[in-house]
Amino acid sequence: MKVCKFGGSSVADDIQVAKIRDIITADETRRIVVVSAPGKRHKDDTKVTDLLIECAGRCLSEKDHTEVLDEIVERYAVIQRGLNLDEAIVEEIRADLTARIARKEEISAACFMDAMKAAGEDNSARIVAEAFRKIGVPAEYVNPRDAGLLLSDDFGNAQLLPESYQNLEKALKDRDYLIIFPGFFGYTKAGEIATFPRGGSDITGSILAAAVKADVYENFTDVDAVYPVDPRHVPEVSVGISEMTYREMRELSYAGFGVFQDEAIIPAVKAQIPINIRNTNRPEAPGTMIVHHRRARQGSVVGIASSVGFCTLYIDKYMMNREVGFGRRLLQILEDEGISYEHMPSGIDNVSVVFREDNFTPEVEGRVRDHIMRELQPDNLQIERGTCLIMIVGEGLYYTPGMAAHATLALFREGISLDMMNQGSSEISMMFGVQSSHREAAVRALYHAFFKE
Ligand code: ASP
């Protein structure tokens, strides 16, 4: 039995929804369908979720929202007209949105925002179910509340409550109709809607696959496979990854591989359900399988990811290694400012800490500097912004000598200086820090070194 999730581009219009119907009816083991909200139809289009956020924002600031509301309804009307569905569905969607807006005064702003955001996938599931019934396939929209998908009340960043698995198994397993389930949201114990972080329909799919113990979780998107490098940086990349492990995917999605929401992998990993990334527009392509274990050739790299927006703090202090509690006190200073660190490579007399730049304002930086100088009295303290992290990932890196040398030589040949290197605790990845302006050149150089030489 397969659980299939279709992303925003796969429900963007009537033509895409028709492709979903073809894919599902071609394989009778595809029994549960999770859908996103309609996404972009072309480069300059707007995702329905973004329209909903704008609509909610307008409501909250008492601005006129009728135009954007009409635009949202029209996105569903395109699907209704194109597939010749009953017109009533569009009116139901408008009524649903109006009812959500009417609750604005009853609930907090964060709760209201989530209820609005969730309308994208909720109505997408309703219309997709209708599209299946239109061609005689028994299909039912299932509401996450009825199925017992319970979440914490961290609006916009909700976490799954563990009892959901049992509820979902009971509600969804062995049905004699096709289940169409909206992604991205669930309900709090108090009965309010809460959403996962953006891109969270992947998480819903993964949870459902784990709950019903699916044989495969098929994640349909708009690329043939996961590529070893981002094609925007290396356009000549043509061969996708046929198989990779959960660990490899986790490391790559952390460092910027956008194909799969990075939290989404966890439920499938725990239940050991293989994930198959596939293309709605080319369903004949086998896609990328993400599995628990694979046999990797020694020294082989599966992918190279890069991510910008980091800061690096360097500290030198002679005999640091002898000072008990130095690392703890340094991290405490960052913790006091609410900064969570990403990496912390260290030497005998030096240590660097990498963290995200987002909330590191000049005022925070000033306080951190003063605090460190006072408390730790380093010989040298430097903070550099604009760090890009590059991650080279592969099960084949495990105990293979010479890999770091190969990478650093490739960067050296391009004249790219390394700000930081970390090949510590993860056996399957190496991480480099370079200046963000060198991002593309660095990724290209490493791609050529590991995939072309
Ligand atoms: N529609 C939501 C978003 O745009 C969730 C998703 O598509 O996975 O983030």
Side-chain angles (χ1 to χ4, degrees), residues 3-13 16-17 19-20 32-57 68 71-76 78-79 93 96-97 100 110 112-128 141 143-144 149 151 154-160 180-187 193-210 217-223 226 249 253 256-268 275-281:
V3 170
C4 307
K5 180 256 167 180
F6 291 88
S9 60
S10 307
V11 277
D13 60 17
Q16 295 303 92
V17 174
K19 290 180 191 168
I20 299 183
I32 299 180
V33 176
V34 177
V35 288
S36 280
K40 292 185 179 196
R41 292 160 291 186
H42 46 81
K43 203 167 81 341
D44 303 320
D45 203 8
T46 311
K47 292 177 172 193
V48 163
T49 309
D50 291 319
L51 293 174
L52 286 161
I53 292 171
E54 193 194 326
C55 182
V68 56
E71 206 180 323
I72 296 163
V73 174
E74 177 55 22
R75 293 295 306 270
Y76 295 97
V78 166
I79 301 173
I93 291 172
D96 169 74
L97 291 165
R100 285 174 202 254
F112 174 69
M113 183 54 91
D114 267 20
M116 290 296 287
K117 271 154 73 182
E121 345 303 276
D122 207 14
N123 289 307
S124 189
R126 287 174 208 272
I127 203 163
V128 168
Y141 153 83
N143 181 275
L149 177 49
L151 303 182
D154 305 299
F155 297 109
N157 189 25
Q159 300 288 322
L160 184 74
I180 315 289
F181 200 98
F184 191 38
F185 73 97
Y187 286 80
I193 287 176
T195 66
F196 292 121
R198 292 297 302 269
S201 297
D202 283 343
I203 307 179
T204 310
S206 184
I207 292 168
L208 265 49
Y217 169 29
E218 289 185 323
N219 192 288
F220 283 89
T221 169
D222 52 8
V223 287
V226 178
M249 187 68 204
S253 51
F257 266 38
V259 186
F260 204 62
Q261 212 278 354
D262 63 349
E263 268 180 65
I265 201 156
I266 298 158
I275 303 168
N276 189 192
I277 309 279
R278 307 185 66 129
N279 190 349
T280 301
N281 305 316

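Atoms within a ligand are numbered from 1 in the order they appear, just like the ligands themselves. If you read the sequence from its start, that first residue is 1, and numbering goes on from there.
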Which side-chain N or O atoms in residues 37-44 pair as donor and acceptor under 3.5 Å with protein atoms at least two apart or in another chain?
residue	atom	partner	partner atom	Å
Arg41	NE	Asp45	OD2	2.6
Arg41	NH2	Asp45	OD1	3.2
Arg41	NH2	Asp45	OD2	3.3
His42	ND1	Asp44	N	3.4
His42	ND1	Asp45	N	3.4

Fill in: Side chains of Glu121 and Ser201, donor plus acceptor under 3.5 Å
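Their side chains do contain a donor-acceptor pair, which is all the 3.5 Å distance test asks for.
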
Discussion item. Could you tell me if Asp222 and Asn281 have a donor-acceptor pair between their side chains, going purely by distance under 3.5 Å?
Written reply: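 No, because no side-chain N or O of Asn281 sits under 3.5 Å from a partner of the opposite role on Asp222.
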
Using a 3.5 Å cut-off on N/O to N/O, what pairs does ligand 1 make with the protein? A line per pair would be great.
residue	atom	partner	partner atom	Å
ligand 1	1 (N)	Thr49	OG1	2.7
ligand 1	1 (N)	Glu121	OE1	3.1
ligand 1	1 (N)	Glu121	OE2	3.3
ligand 1	4 (O)	Thr49	OG1	3.4
ligand 1	4 (O)	Arg198	NH2	3.0
ligand 1	7 (O)	Ser36	OG	3.1
ligand 1	8 (O)	Gly199	O	3.3
ligand 1	8 (O)	Gly200	N	3.4
ligand 1	8 (O)	Ser201	N	3.0
ligand 1	8 (O)	Ser201	OG	3.1
ligand 1	9 (O)	Arg198	NE	2.7
ligand 1	9 (O)	Gly199	N	2.8

Worksheet item: Who passes side-chain hydrogen bond (donor to acceptor under 3.5 Å, both in side chains) against Glu71, sequence neighbours left out?
Response: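 Listed in chain order: nothing, the list is empty.
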
Worksheet item: Would you call Asp122 and Arg100 a salt bridge, taking side-chain N to carboxylate O under 4.0 Å as the test?
Response: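 Salt bridge present between Asp122 and Arg100.
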
Item to complete: May I have all residue pairs that pass salt bridge (Lys or Arg N to Asp or Glu O under 4.0 Å) and include part of residues 48-57, sequence neighbours excluded?
Response: Asp50-Arg198, Glu54-Arg58

